[in-house]
Amino acid sequence: MATEKKVTAIKNTPKHLLGIQNLSVLEAKEILTEAKSFIKLNRGSSKKLDVLRGKTQINLFFEPSTRTQSSFDLAGKRLGADVMTMNMGNSALKKGETLIDTAMTLNAMHPDIIVIRHQDSGAPNLLSQKVNCTVINAGDGRREHPTQALLDALTIINRKGNIEGLKIAICGDILHSRVARSNIYLMNMLGAEVNVIAPKTLMPKGIDNLGVKSFTDMKKGLDGCDIVMMLRLQNERMQGSFLPSKREYYEFFGLTPEKLKFAKKDALLMHPGPMNRGVEIDTKLADDINVSLVKEQVELGVAVRMACLKLYCK
Amino acid sequence: MKEKILTNVRIIDPSQKMDEIGNIVIDEKGKIKSIGKKSGTSKSAEKIDLKGLVAIPGLVDMKAFVGEPGFEYKENFRTLSQAALAGGVTSIVTMPNTKPVIDNVSMVDFIIRRGRDKAKVNLFPCASITRQMEGNQMTEFGLLKARGIIGFSDVNKTIQNSELMSRIMNYASDIDVLIMQHAEDYELAKNSCINQGEVATRLGLQGVSDIAEKIIIERDLSLLSEFPCRYHINQISSKNSLNVIKKNKSNGIKFSTGVSINNLSLNQNDIGEFRTFLKLSPPLRSEEDRLSLIEGIKNDLINVIVSDHIPEDEESKRLPFAQAATGSIGIETLLSLSLELYHNESLPLEKIIKCLTINPAKILKIDKGSLKEGSDADICIFDLEKPWVVKAEELKSKSKNTAIENRKLQGKVKMTLLQGEVVYSN
């Protein structure tokens, strides 16, 4: 990172982490610096701190999640917080009213942090208006997934030393991806150049105004890139409504060793998971430790979430 | 009632191309006896001096929702009429999307009786175009018309079936009824809650392209050239739609077009971070679209400004944006917000008033929206310059979902007369 000096941009409590859009550069850098200090701790044998001792963290997941949920779970526990995870399921009946009702109920139990994952864009914003504790967004609809972008940034910094001046390609279902959006904001903020690559039906309108260049051709989009981020393509979108077929998608947008050659020689590969092997990514490539940062992303995810919990729950 | 004279008032009445300072004499029956600078006076009459104020025909709002029956907790006849009169609106076209839907004669009788007992405004009820507003079978246009239905609308739903639409037009043309269409293609608009574009992309919401609106307008106007009937497009929201309208008007197709004051005064950026009160249908679009709609009024491509008054309780708005109810209230602020377009020099005053009075009255074929001698003395009197701030809690509607909370406006209704009686004053 450019500045190793300790910056303290995050001051007021309770403050919420709702999206990268609401962060300043200083705030983002502070989180990353803080997260760095946790990487070693997480690799050591004694992982427990008491920074959040006495604090209560509730993970409120309205959408199923494996890695984000377990990552937040571990992060809270390692910092000494009491962590409770609630899986709210996906039933339509539980939508909406339950969010506000649940918020009020939980609020009465005086949590210090609520981590929320919700299928509706803006749900964490709504929640944050109703509770008086810190709200951390663990993914809302197709809007933002800030901790994913932060862990991606940390992973890149860890390998490349810096983000400024890098060229980063994000490929796949940009339209439905909160990971893409958060990464676009964060990578831009940290001085990278961002390309997005997707078939036209999966490219959102107005994306160019977000400060990216958009491509429909992997060869052009990957040209000169240091980092290639692949996105998950959901099954139901491959059967004729957005795309003709799985194999057509793989042919043109699946990342293969051949296509990776369009990028820089030392280009690295990232994926927020879970991967569809053989759909958006070649299975060998995904496991190639010289190229793939996927495992590192998961590892650093815990460190980033620890940093967020610590900084936002002062 | 005693004879009344309103004196020294600036009278703007586009129906008789009048803009002058003068008097309005109202006879014992609540009709206009004489009007203008040459208007006479009589000793026995009650005098009301309105120096510095403006008098216009009471507004005709072509699209408002009254919660009765079925949604009394959102709005009722009493609260709607209070809100309307405070906004200078004396004639309201009410929408049929109540529970049950107004799609049969017995419902019409109920609505008319109830409105007469509880409301202090002129109510002109609409019935649905199709039964249950399901878009499958047409309602009894002829029978409903005979019972006092003024027009037909499926409100925020669109007749998707082109064959049915052509038959509706064909049938309607013979019995002279007004068909009002909400233009939106369902498949293109599926799951959408906001205009397609950068704002939708940033907020992560499903957007709808203006093509969804344009495609229905194009279809309907093609059908209309084959089956000319009284056809009105409820609300348009985009430049693209306007271009289609322009083309068809110059080809001699006859129809009329409305726009919501919201689409004239706000754009998609006002939604900010998920302000659900600004979730509207048609959605707020780009600034370019907004400006083009103003041009549309200037060029007479758009004839009517409506409030699109949709009261919604707090609970149905306090949800994630995609799930929140659509619509905002606006009947009370219709005139003031329209006057903003005069104060910021977007439109001439006379044009604005025309779109709020005589134009809708003509489309509806009702004897309103004019202060000609002999017509009902439904009059809106306002202070053109008075500044005020919109505060939801001060509005008279039962629901407080205004899209323009805290907006600073200039121009406020001072007094409203209905058939010569002062029914509102502040």
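Labels below follow one simple rule: chain letters A, B, ... track the order of the sequence lines, proteins then strands, and each chain is numbered from 1.
- Environment of CD1 in B/Ile211: sparse, with no more than 12 heavy atoms of neighbouring residues, nucleotides or ligands closer than 6.0 Å.
- Residue A/Lys167 places its NZ atom among more than 12 non-hydrogen atoms of other residues, nucleotides or ligands, all under 6.0 Å distant.
- The two atoms that bring B/Thr201 and A/Lys205 nearest to each other are OG1-O, 2.6 Å, heavy atoms only.
- Residues A/His118 and B/Pro320 share a closest heavy-atom pair of CE1-CG, 4.3 Å.
- Taking 4.5 Å as the limit, every side-chain heavy atom of A/Gln129 sits out of range of all side-chain heavy atoms of B/Phe274.
- For A/Arg178, no part sits under 4.5 Å from any heavy atom of chain B, backbone or side chain.
- The CG atom of B/Leu205 sits 5.0 Å away from atom OG of A/Ser121, with the distance rounded to the nearest 0.5 Å.
- Annotation: the span from A/Ile100 atom CD1 to B/Glu315 atom CD amounts to 8.0 Å, rounded to 0.5 Å.
- Rounding to the nearest 0.5 angstrom, the gap separating the CD atom in B/Gln206 from the NE2 atom in A/His176 is 6.5 Å.
- The shortest non-hydrogen separation linking B/Glu273 to A/Asn125 is OE1-ND2, 2.9 Å.
- Chain B forms more heavy-atom pairs under 4.5 Å with one residue of A/Gly122, A/Ala123, A/Gly141, A/Gly19 than with any other, namely A/Gly122.
- Taking each heavy atom of A/Leu210 and B/Glu198 in turn, the nearest pair found is CD1-CG, 3.8 Å.
- We find the CG-CG distance between A/Leu99 and B/Leu319 to be 8.5 Å, quoted to the nearest 0.5 Å.
- In this structure, A/Lys213 places its NZ atom where only 12 or fewer heavy-atom neighbours from other residues, nucleotides or ligands lie under 6.0 Å away.
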